[in-house]
Engineer: 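Please read through the structure below; I'll follow up with questions.
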Amino acid sequence: MTEKQRNFIQRIIDEDNISGKFDQRVHTRFPPEPNGHLHIGHAKAICLNFNIAGEYGGKCNLRFDDTNPVAEEEEYVNAIQDDVAWLGYDWEDRLCFASDYFEQMHALAIQLVEQGDSFVCDLTSDEIRATKGTLTEPGKNSPYRKRSVADNLDLFARMTAGEFSNGERTLRAKIDMAHPNLNMRDPVMYRIIHASHHRTSDKWCVYPTYDWAHGLEDSIEGVTHSLCSIEFEDHRPLYDWYLEKLGVYHPQQIEFARLNLDFTVMSKRKLKQLVDEEHVTGWDDPRMPTISGMRRRGYTAAAIRKFMAEVGVAKRDNVMELAKLEYHLRQDLNKHAERRMAVLHPLKVVITNYSAEATETLTAVNNPEDAAAGVREISFGRELYIEQNDFMEDPPKKFFRLAPGREVRLRYAYFITCEKVLKDDQGNPVELHCTYDPETKGGNAPDGRKVKATLHWVHTQGAVQAKVHLYDRLFAVPDPDSTDNFLEAMNPLSLDILSGCMLERSLADVPAGTTVQFERLGYFCADSDTTNDSPVFNRTVPLRDSWARIGKK
RNA sequence: UGGGGUGUCGUCUAACGGUAGGACACCGGGUUUUGGUCCCGGCAGUCGGGGUUCGACUCCCUGCGCCCCAGCCA
């Protein structure tokens, strides 16, 4: 039953396949503009388009909608390809660029001029706006609307040849200045931009607008279902108008609601501002909702895809909870990430009845969820580090961990009992003296006695010192977009840089990009800045922490 | 205000005239050498008002809310 649940797009395609509208073909495309990096919202469109094509045995193109040279850069073209590939999708030989069709589009524009369906307009940008009308009042015809076909052809040729300066003239469709849909009030098809394009260089100085170009791109590529976000619904009549007037192959545009996430912003403009004004370290800052940022943070493509599968596809506005994304992340990492021990805020422990000379090797399980991950050896000795917050001198009722006189288990090692607390001038514990029970090696007491807590720890000898970046949500409020200035809604605690963290020996040389679980703490990913001398780990996501929740109550 | 779209648990999303279901979140319990995972249970919804119908989330009328559009951005 659940498998039969089809979203509205699948239903439309099912019907088209029954009617034979597209000869049972399914061909989609993901059409980013290379003017920024992809974010988690784009991932929804990517998954949707590629998955739909996959389900129906169809194809999905990766197409760069590069119609505006002033905003676009090759760096983005490359970054976008990396991101789509990392998400696990393959466009095979269908890497497309709108700019590859500029010649064809230009010829089709001339066809429209010849048909009397478009004209060269000398109005300035301001004048066009002034004659556009308003939401409630119709616009006025351009005085140039009645130009002869011959004049239009001549002028358009001269525009193309570079005789005019930026904004001096446009080519406009001749539709209806009184149309209730503003997009139909003689929209601009070509504008003059004397700028070098990242692919066509200085070949063109007239560039097609989105509305004119997009349907043509879809048509040229033989796309069947052109999936886009909901704000283009108003543009569909224009999409259809162009293709009908031209009499060319006509794909079906279908609009769906884009993804929103709480505690973040998703507009490219705002993300770019965060980067440009250095509120973050770059597009791939692990706090960014960009694909590259999430990748650096340690998110997995599998988790993102699973999340998208569950998000669903509909037309109503939606804001997904970050919690749901994190659920799928933990779900995936729990299954696949190996466990390691690391102490972020070290507190020294001396086992007073353990020999000062001796060390021993213990066996630890790499992943309790995956026997195939095997085991590893860890070193144990007289001096260890445990987590500062695993000890309380005067513990509240529900605190199970170490306290004076209390016995706990050191994971995979021994039971220890806290005998003495050494403190600094301010009264903070700086060192604990404990005793261990040699009978409890491995973590079980032969007499069957139980402890209420198991702590992670690291042997001081051979411990690897590391830097750890603790990330939290970039914004302090669920909907930063609704604030007057979204920058003021930023979370000042979104990054906590810890140094002097102590890692178990086996973490010494892990390559960047490796994600492990630091037991009892969370999932951590070796950052791209990591080196063998100085490892840097990013906290991808903490483990669920019911103790912390008790604390909040 | 003209046009377009959209209203189902806190958040997403199903049900397409026939018992309003699932996931996350939240709450409670069990297992546990991670206060993790896993398992069990609970909480909670059809925007309002009319109508059609044996029966309405679904169809009709009406009201209300929210989103998008007045770039030579996409």
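First the proteins, then the strands, lettered A, B, ... as listed; each starts at 1.
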Engineer: Could you pull out the closest heavy-atom pair between A:F380 and A:L362, with the gap in Å?
Structural biologist: CB-CD1, 3.6 Å
Engineer: Please compare A:N318 and A:P31 by the position of their nearest nucleotide in RNA chain B and report the one closer to 5'.
Structural biologist: A:N318
Engineer: For A:W547 and B:rG35, is the gap between ring centres under 5.5 Å while the planes differ by less than 30°?
Structural biologist: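 Ring-base stacking flag set for A:W547 and B:rG35.
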Engineer: With a 3.5 Å cut-off and just heavy-atom distances, do the side chain of A:H235 and the base of B:rA74 make a donor-acceptor pair?
Structural biologist: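 Indeed, a donor on one side and an acceptor on the other fall under 3.5 Å apart.
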Engineer: So A:F400, base contact, sugar-phosphate only, or nothing? Heavy-atom distance under 4.0 Å.
Structural biologist: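 Since a base atom lies under 4.0 Å of A:F400, the category is base.
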Engineer: Expressed as a whole number of Å, how far does the P atom of B:rG63 sit from that of B:rC73?
Structural biologist: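 Here B:rG63 and B:rC73 have their P atoms 39 Å from each other.
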Engineer: Between atom CD in A:E310 and atom C1' in B:rU13, what is the gap in whole Å?
Structural biologist: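 From A:E310 CD to B:rU13 C1': 9 Å.
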Engineer: Quote, to the nearest angstrom, the C1' distance that separates B:rG22 from B:rU8.
Structural biologist: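 Those two atoms are separated by 13 Å.
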Engineer: Syn or anti for B:rG71, taking syn as within 90° of 0?
Structural biologist: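 The base of B:rG71 is oriented syn (glycosidic angle within 90° of 0).
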Engineer: More 5' along RNA chain B: A:T134 or A:F518, using each one's nearest nucleotide?
Structural biologist: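 The residue mapped nearer the 5' terminus is A:F518.
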Engineer: Given B:rU34, B:rC72, B:rG5, identify the nucleotide with an atom nearest to the side chain of A:K315.
Structural biologist: B:rG5
Engineer: If we take the C1' atom in both B:rU1 and B:rC59, what is their distance in whole Å?
Structural biologist: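 My reading of the C1' atoms in B:rU1 and B:rC59 gives 30 Å.
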